[in-house]
Amino acid sequence: MADDRFHVYDTTLRDGAQQEGLNLTVADKLAVARHLDGLGVGFIEGGWPGANPKDTEFFRRARTELDLRHAQLAAFGATRRAGVKAADDPLVAALRESGAPVVTLVAKSHDRHVELALRTTLQENLAMIRDTVSHLRAEGQRVFLDAEHFFDGYKSNPAYALEVVRTAAEAGADVIALCDTNGGMLPDELAEIVHGAVQTSARVGIHCHDDTGCAVANTLAAVKAGVTHVQGCANGYGERSGNANLFTVVANLQLKRGFELVPPQALADMTRIAHAITEVTNVTPNSHAPYVGASAFAHKAGLHASAIKVDPNLYQHIDPAEVGNDMRMLVSDMAGRASVELKGRELGYELTPGNTKELVDRVKDLESKGFTFEAADASFELLLRDTVHGERRRHFEVESWRVIVEHTKGGELVSEATVKLHAKGERIVATGEGNGPVNALDKAVRLALEKLYPDLAKVELVDYKVRILEGTHGTGAITRVLITSSDDTTGWSTVGVGQNIIDASWQALEQAVTYGLLRAGHEC
Ligand SMILES: CC(=O)SCCNC(=O)CCNC(=O)[C@H](O)C(C)(C)COP(=O)(O)OP(=O)(O)OC[C@H]1O[C@@H](n2cnc3c(N)ncnc32)[C@H](O)[C@@H]1OP(=O)(O)O
Ligand SMILES: CC(=O)C(=O)O
């Protein structure tokens with residue numbers, strides 16, 4: 001069970017789900033909850049039971065389908081409506097019936113909101129808070145309160161904003177989370193206000209939105225000012241610009257401020273968990289996300305690599321393994337000898353100074369012609385192998401290839417490719433048909449090689465990207481093609497460049513097949 005000295009409270013399934021384009025099924029919500037529990041957060045806000053059938057269903061299924069080891073579930077909802085008893089409000093009843101051990105109530109703490117949005121009096125709003133908190137407490141639930149618009153409310157009427165906090169605490173709320181609902185605060189101003197609000201009998205927490213790009217900084221400033229409960233969302237999901245990214249908050253507090261919020265082994269699993277959640281939400285992972293992004297410890301500049309060669313800490317703020325991430329070297333025209341040497345080592349090759357220099361020169365020359373190696377790891381490795389061997393080695397040599405695209409009388413578009421190859425002493429001619437020229441070439445190569453290399457069947461072409469590099473030349477522009485392939489364990493990318501899109505595609509395809517055969521254990 002979670003350490004109650006400091007709360008890590010996740011609201012991905014409620015505020016995170018308020019993000020544009022994010023739509024979770026009940027099964028998705030259960031899956032995300034399991035991942036968050038694996039990270040070791042203390043509380044998981046599951047949604048607003050009674051507001052929609054899906055969230056009601058989530059709490060119903062959670063009782064039998066979630067076996068949480070660390071976290072407690074929290075059901076979110078509003079205080080009772082003005083003028084009714086908490087016991088008679090159907091939305092309060094849904095919170096009571098959710099079975100969640102914790103209920104988090106949202107309450108207005110900004111006088112203008114009470115008067116304009118709730119259309120009630122300041123006194124009635126306090127009564128709504130008092131009644132709802134004490135009713136749920138009497139029903140045996142632990143109650144947290146989200147003081148909505150607390151900071152803007154404090155600026156408008158500090159006495160009233162603090163009265164809301166006091167009322168909730170006196171009624172029995174365990175936690176009052178101060179919310180920067182519009183996300184407009186900056187850290188210094190927010191910290192000053194938090195200082196004034198932490199003197200209450202309840203625990204004080206913080207809930208920040210990222211509209212100024214300061215949600216994480218504001219959360220850390222609030223912790224420094226005395227809060228002991230932080231709210232946030234996985235991957236920073238949330239309404240508008242999102243919520244404080246809970247992964248960044250936890251990593252910062254644990255690694256920089258010495259809090260032990262989640263077990264160290266769970267922190268070391270954070271990168272995997274962050275990515276597993278993006279699989280469920282179907283939101284492309286932000287590769288630049290702090291700590292867990294694929295680029296968070298990727299080094300491109302030659303000068304950085306030369307220092308990293310001496311000591312990785314010279315250009316890294318932590319050891320990536322602490323959050324389950326990896327250091328990566330990127331090779332491009334910004335690389336120097338150190339970048340190439342370290343990349344070579346990452347790939348399992350010890351390069352001589354002569355090889356290193358030659359590779360740096362080749363990479364810079366090819367990148368000036370439109371190639372890109374940071375996005376085509378397999379093409380770089382093939383270039384590296386050719387340099388180490390002092391010659392170009394392939395499993396097959398190409399005599400020629402050709403593609404025909406035919407528009408038939410019936411309106412059908414058919415592509416047919418013929419390749420003539422030499423492999424293992426044989427001359428092979430094969431023809432493939434496809435729905436496009438690259439598909440036809442791919443089929444023809446496979447047909448040509450399948451008898452000699454049956455495991456080529458495992459290699460799949462999974463992505464094909466084209467970019468025009470010199471738009472000013474119209475249809476005669478230089479084209480860059482990136483192909484991503486995969487076998488049953490990993491993926492790799494290759495690049496081709498040319499004035500003819502089919503030629504550029506062929507270069508990338510030929511390398512993709514070569515790399516696939518190397519991965520299958522066929523040396524050449
Ligand atoms: C800052 C936040 O993110 S808080 C979370 C916000 N999340 C959501 O709104 C998502 C779920 N919401 C919903 O499904 C719906 O809005 C419901 C079911 C809650 C309410 O739906 P409806 O009854 O149709 O009301 P509607 O959405 O138009 O308006 C909200 C009502 O709640 C009232 N209300 C708003 N905040 C509070 C509060 N803290 N306490 C009590 N009542 C409140 C409003 O005054 C308004 O009342 P009215 O019906 O008398 O005008
Ligand atoms: C409660 C909440 O989500 C907010 O005030 O932002």
Side-chain angles (χ1 to χ4, degrees), residues 9-20 22-24 43 45-58 74-86 88-95 103-122 124-133 135-136 143-154 161 164-165 167-168 173 175-185 190 205-212 215 218-219 222 229-233 236-244 246:
Y9 182 105
D10 180 274
T11 174
T12 305
L13 301 178
R14 197 275 301 171
D15 214 343
Q18 289 173 218
Q19 171 163 308
E20 183 174 8
L22 208 150
N23 194 345
L24 301 174
F43 300 91
E45 192 172 83
W48 187 333
N52 62 69
K54 197 161 67 181
D55 282 6
T56 307
E57 172 80 358
F58 169 82
F76 179 90
T79 51
R80 68 157 171 83
R81 296 285 173 109
V84 298
K85 284 192 195 148
D88 297 338
D89 187 310
L91 279 177
V92 175
L95 293 172
V103 169
T104 299
L105 293 171
V106 61
K108 305 279 185 202
S109 54
H110 187 318
D111 54 357
R112 262 174 66 75
H113 276 267
V114 175
E115 286 161 357
L116 296 180
L118 284 185
R119 296 181 305 281
T120 190
T121 63
L122 299 184
E124 173 61 2
N125 182 50
L126 295 176
M128 287 154 67
I129 294 168
R130 195 180 303 112
D131 294 352
T132 319
V133 173
H135 170 69
L136 290 168
V143 180
F144 296 175
L145 188 111
D146 279 353
E148 196 190 7
H149 298 286
F150 177 81
F151 294 95
D152 297 329
Y154 187 95
V164 165
V165 172
T167 302
V175 176
I176 321 287
L178 310 177
C179 299
D180 181 19
T181 306
N182 291 354
M185 295 297 290
L190 176 132
I206 187 75
H207 173 110
C208 292
H209 280 267
D210 205 28
D211 302 68
T212 57
N218 283 340
T219 304
H229 165 115
V230 288
Q231 298 197 358
C233 290
Y237 298 145
E239 187 104 23
R240 305 184 309 278
S241 305
N243 282 66
L246 199 72

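Worth saying up front: this structure is predicted, and the values here are computed from it rather than measured. Whatever order the structure lists ligands and atoms in, that order sets their numbers, starting from 1.
- In this structure, the side chain of Lys54 engages the main chain of Leu24 through a donor-acceptor pair within 3.5 Å.
- Summary of contacts: the protein heavy atom closest to atom 13 (C) of ligand 1 is Ala51 CB, 4.1 Å.
- By the criterion of a heavy-atom distance under 4.0 Å, the side chain of Thr181, and not its backbone, is placed next to ligand 1.
- Heavy atoms of Asn52 stay at 4.0 angstrom or farther from ligand 1.
- Aromatic ring pairs are classed by plane angle as parallel below 30°, tilted from 30° to 60° and perpendicular above 60°; the pair His110 and His113 is perpendicular.
- Contacts between Glu45 and ligand 2, counted as non-hydrogen atom pairs separated by less than 4.0 Å, are absent for every part of the residue.
- Contact annotation for His207 and ligand 2: only side-chain heavy atoms (C-beta onward) come within less than 4.0 Å of the ligand.
- Remark: minimum distance from atom 4 (S) of ligand 1 to any protein heavy atom is reached at Phe76 CZ, 3.8 Å.
- Atoms of ligand 1 found under 4.0 Å from any heavy atom of Arg80, numbered from 1 in the order shown, are 41 (C).
- When hydrogens are left out, the protein atom nearest atom 50 (O) of ligand 1 is Arg119 NH2, 3.5 Å; that is the closest non-hydrogen contact.
- Of the options Thr132, Asp131, Asp89, a side-chain hydrogen bond (donor to acceptor under 3.5 Å, both in side chains) to Arg80 is made by Asp131 and by none of the others.
- Ligand 2 lies out of reach of Gln18, whose nearest heavy atom is not under 4.0 Å from it.
- With hydrogens and angles disregarded, no donor-acceptor distance shorter than 3.5 Å links the side chain of Asn243 to the backbone of Thr11.
- Distance alone, capped at 3.5 Å, places no donor-acceptor pair between the Thr79 side chain and the Ile129 backbone.
- Between Tyr9 and His229, the ring planes are tilted. Angles from 30° to 60° get that label.
- At a 3.5 angstrom cut-off on N or O pairs, Arg14 counts as close to ligand 2.
- Checking Gln18, Glu148, Lys108 against atom 6 (C) of ligand 1, the nearest heavy atom belongs to Gln18.
- Among all non-hydrogen protein atoms, the one lying nearest atom 43 (C) of ligand 1 is Leu118 CD2, 3.2 Å.
- With hydrogens and angles ignored, the 3.5 Å screen pairs a side-chain donor or acceptor of Asp55 with a backbone N or O of Trp48.
- At a heavy-atom distance under 4.0 Å, atoms from both the backbone and the side chain of Thr181 approach ligand 2.
- Residue contact annotation: Arg14 has a non-hydrogen atom under 4.0 Å from ligand 1.
- Proximity of a side-chain donor or acceptor of Thr212 to a complementary backbone N or O of Met185 within less than 3.5 Å is detected.
- Here the heavy atom of the protein found nearest to atom 11 (C) of ligand 1 is Trp48 CE3, 3.6 Å.
- Judged by the shortest distance from any of its heavy atoms, Glu239 lies outside the 4.0 Å radius around the atoms of ligand 1.
- When Ala117, Ala17, Ser109 are checked for heavy-atom proximity to atom 45 (O) of ligand 1, Ala117 turns out nearest.
- Exactly one of Glu124, Glu115, Glu148 qualifies for a salt bridge (charged side-chain N to carboxylate O under 4.0 Å, His left out) with Lys108. That residue is Glu148.
- Across Asn182, Asp210, Asp211, a single residue satisfies side-chain hydrogen bond (donor to acceptor under 3.5 Å, both in side chains) together with Arg240, and that is Asp211.
- Between His149 and ligand 2, not a single N/O pair is under 3.5 Å apart.
- Atom 49 (O) of ligand 1 has its nearest heavy-atom neighbour, among Arg81, His149, His207, in Arg81.
- Protein heavy atom closest to atom 1 (C) of ligand 2, with residue, atom name and distance, is Asp146 OD2, 3.4 Å.
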